[in-house]
Amino acid sequence: MPLDPSLPDDLAWRGLLAHTTDLDALREALAAGSVRYYVGFDPTAPSLHLGNLVQILTARRLQDAGHTPYLLVGGATGMIGDPRDSGERTLNSADTVADWVQRVRAQIEPFLSFEGDNAATMVNNLDWTGGLSVIDFLRDIGKHFPVNRMLARDTVRRRLESGISYTEFSYVLLQSMDYLALFRDHGVTLQFGGSDQWGNLTGGVELVRRADGASVHAFATPLITKTDGTKYGKTEGGALWLDPDLTSPYAFFQFWLNVEDEKVGELLRIFTFLPRAEIEALEAQHAEKPFLRAGQKALAEHVTTLVHGAEETARIQAASAALFGGGDMGGLSADTLGAALREAGSVRLDRADGLPGVLDLLVSAGLAKSRGEARRTVTEGGAYVNNVRVTDPDHVPSSDDLVGGTWLVLRKGKKSFKGVEVV
RNA sequence: GGCAGGUUGCCCGAGCGGCCAAUGGGAGCGGACUGUAAAUCCGUCGGCUUUGCCUUCGAAGGUUCGAAUCCUUCACCUGCCA
């Protein structure tokens, strides 16, 4: 694949270069030939999430520009855990980590090409750490890490108050060793990761320099935050997962559709492959008529398509149109409504059991965690059956309320829809 | 190993024998305003068969008519001394 010389400018324009080791040297390297680069994913959960998607897409951008990806899934680093501010991690069992390694690999694979002269390669750092002895590790790797420097790292410094185990303190050595191993075995000379990984990235660069006297590169992508500075990628359920079983494609789509105005441009640049001109046109339109939310719609459509495919995205768009179209549910056919509700999430009830009251409906549909919470929602005026507000906690829908004889549309607040299918 | 302080609801953090399901802030949730945005304002925020009942304040015992609050033991964390 021919090199695309515009890559560094494109990365910079998209805001993906939050930190770089030596930008000029990196530009030179990227212009000189197909650079072998790597990005790592630690299996600390059964699925990757929004933050990881930035790395996956960035990896794809580099590959599209002619460079050669090495995707590392951290079977070893995942056994240890990167220190984080929220405190010491609980260690996961080897079986769990091994299982997650498989899942994470499978999630990454569709995004990259494993064919051609710059085909991607999957690697697992367990391969070069599994057989390593402690003595070799301390002599060959540990010797290159001054503890005083390690102590100065932000995350470590913050953790010194609350406490940090030797295990997590040592994490940076493992990740740095990955870079050295990939440099030696595969000629990898570029690593990137999230900006929260910057310390680990430079740790690797430093190790390669000290151990082998070579100069390699690293850059960090920005941390995606809301305008108030808090972390992005949170939805009611917690993190926004790429796995459709953990975060439904419908919820995923809705997340993007609801992105705050100020962030649309930034997110379009980072999370879509739309060309610059198109993004700038969307931004201009958005600035002029923000209420149309053209940016959010494009963002939701493109990112959902990337992760869940065009077909699923089309179904979600139809579902959203039906549910948010407002007004009378009776105007929709049972088929249309049923399809929409299945996207949004629905539960089945047996007709023979009779229709439960609103409170139980809200709970069984998952819109409320307890009857107490359901009661509160109703009392606060946030509960709707078929888009009609219900204010009586004891209200029981009748079979006349069933749209098309089968569906009940439950809504909590402005935008949480669930279907109840009575069969 | 010794001394001192701490462990409270999703998070931070008050309470220091009854008026405590527990002040306050944040997050969350609902309402109003909008554009399925942001900001703002209001309400809400353990569970239930909800004018009452049940389970919570690190764990287990104890004192008391009555404890998150007092005592004992245990676990963990922080600081000072060895």
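Each chain gets a letter, A, B and so on, in the order the sequences are listed, and its residues count up from 1.
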Considering only side-chain heavy atoms of A:Ser370, which listed nucleotide, B:rG47, B:rG35, B:rA37, is closest? B:rG47
Distance between the P atoms of B:rG5 and B:rU73, in whole angstroms? 15 Å
Could you check whether A:Arg276 pairs with A:Glu280 (Lys NZ or Arg NE/NH1/NH2 to Asp/Glu carboxylate O, under 4.0 Å)? yes
P atom, B:rU64 versus B:rA59: distance in rounded Å? 23 Å
Separation of B:rA37 C1' from A:Leu299 CG (nearest whole Å): 13 Å
Side-chain atoms of A:Lys412 come closest, of B:rC48, B:rG31, B:rG30, to B:rG30
Would you mind telling me which of B:rA37, B:rC29, B:rG35 lies closest to the side-chain atoms of A:Arg293? B:rG35
Between A:Tyr38 and A:Phe192, is the ring centre distance below 6.0 Å? no
Report which part of the nucleic acid A:Glu373 touches: base, sugar-phosphate, or nothing (heavy-atom distance under 4.0 Å, all strands). nothing
Expressed as a whole number of Å, how far does the C1' atom of B:rA67 sit from that of B:rU8? 14 Å
Pairing nucleotide - B:rU69, Watson-Crick or G-U, each distance under 3.5 Å: none
Without hydrogens or angle criteria, can the side chains of A:Asp4 and A:Ser6 be said to hold a donor-acceptor pair below 3.5 Å? yes
What integer number of Å spans the C1' atoms of B:rU7 and B:rU56? 15 Å
Euclidean distance, atom CD of residue A:Gln296 to atom P of B:rG35 [Å, nearest integer]: 14 Å
Watson-Crick or G-U counterpart of B:rU56, or none if no pair lies under 3.5 Å: none
On RNA chain B, does the nearest nucleotide to A:Asp360 precede the nearest nucleotide to A:Pro290 from the 5' side, or the other way round? Give the residue. A:Pro290
Minimum-distance nucleotide (side-chain atoms of A:Ser416 versus B:rG35, B:rA37, B:rG30): B:rG30
Nearest-nucleotide check on RNA chain B, A:Phe253 vs A:Lys369; residue mapping nearer the 5' end is A:Phe253
Expressed in whole Å, how much space separates the P atoms belonging to B:rG26 and B:rA39? 13 Å
Who is the Watson-Crick or G-U wobble partner of B:rU7, with both distances under 3.5 Å? B:rA75
Centroid separation A:Phe271 to A:Trp256 less than 6.0 Å: yes
Show the numbers, then the answer: is there a salt bridge (Lys or Arg N to Asp or Glu O under 4.0 Å) between A:Glu260 and A:Lys263? CA-CA 6 Å; A:Glu260 38 192 324; A:Lys263 285 283 164 179; over 6 Å; no
With sugar-phosphate meaning primed atoms plus P, OP1 and OP2, does A:Gly381 contact a base, only sugar-phosphate, or nothing at under 4.0 Å between heavy atoms? sugar-phosphate
Does A:Lys297 put a side-chain nitrogen or oxygen below 4.0 Å from OP1 or OP2 of B:rA37? no
Pairwise P distance, B:rC16 and B:rC71 [rounded to whole Å]: 15 Å
May I have the distance from A:Lys414 (atom NZ) to B:rC33 (atom C1'), rounded to whole angstrom? 9 Å
Could you report the tightest heavy-atom contact between A:Gln63 and A:Leu112, atom names first, then the distance? OE1-CD2, 3.4 Å
Hey, is the side chain of A:Arg376 poking within less than 4.0 Å of OP1 or OP2 on B:rG28, counting only N and O atoms? no
Just to be sure I understand the rule, does A:Arg411 reach a base, reach only the sugar-phosphate, or reach nothing, if contact means heavy atoms closer than 4.0 Å? nothing
Interatomic distance at C1', B:rU78 relative to B:rC29, whole Å: 36 Å
Separation of A:Glu380 atom CD from B:rA32 atom C1', in whole Å? 13 Å
Report yes if a side-chain nitrogen or oxygen of A:Tyr384 is closer than 4.0 Å to either non-bridging phosphate oxygen (OP1 or OP2) of B:rG30; otherwise report no. no
If pairing requires Watson-Crick or G-U wobble contacts with both distances under 3.5 Å, which nucleotide is the partner of B:rC80? B:rG2
Which value, in whole Å, describes the distance between the C1' atoms of nucleotides B:rG66 and B:rG18? 6 Å
If only side-chain N and O atoms of A:Arg371 are considered, is one of them under 4.0 Å from the OP1 or OP2 phosphate oxygen of B:rU49? yes
Return no unless some side-chain N or O of A:Thr379 is found under 4.0 Å from OP1 or OP2 of B:rU44. no
If I take atom CG in residue A:Leu367 and atom P in nucleotide B:rC29, what distance separates them, rounded to the nearest angstrom? 12 Å
Is there a donor in the side chain of A:Gln197 and an acceptor in the side chain of A:Asp82, or the other way round, less than 3.5 Å apart? yes
Tell me: CG of A:Leu282 to C1' of B:rA37, nearest whole Å? 16 Å
Can you measure A:Gln254 atom CD to B:rG35 atom C1' for me and round it to whole angstrom units? 14 Å
Can you tell me how far P of B:rG31 sits from CZ of A:Arg389, to the nearest Å? 6 Å
Find the partner of B:rA21: check Watson-Crick (N1-N3 plus N6-O4 or O6-N4) and G-U wobble (N1-O2, O6-N3) distances, both under 3.5 Å, and reply none if neither fits. none
Base-pairing mate for B:rC29 - Watson-Crick or G-U, with both contacts under 3.5 Å: B:rG43
Could you work out which one of B:rG35, B:rU50, B:rA32 sits closest to the side chain of A:Arg375? B:rU50
Between A:Arg27 and A:Asp9, is there a side-chain N and carboxylate O pair less than 4.0 Å apart? yes
Presence of A:Lys415 side-chain N/O under 4.0 Å of B:rA37 phosphate oxygens OP1/OP2: yes
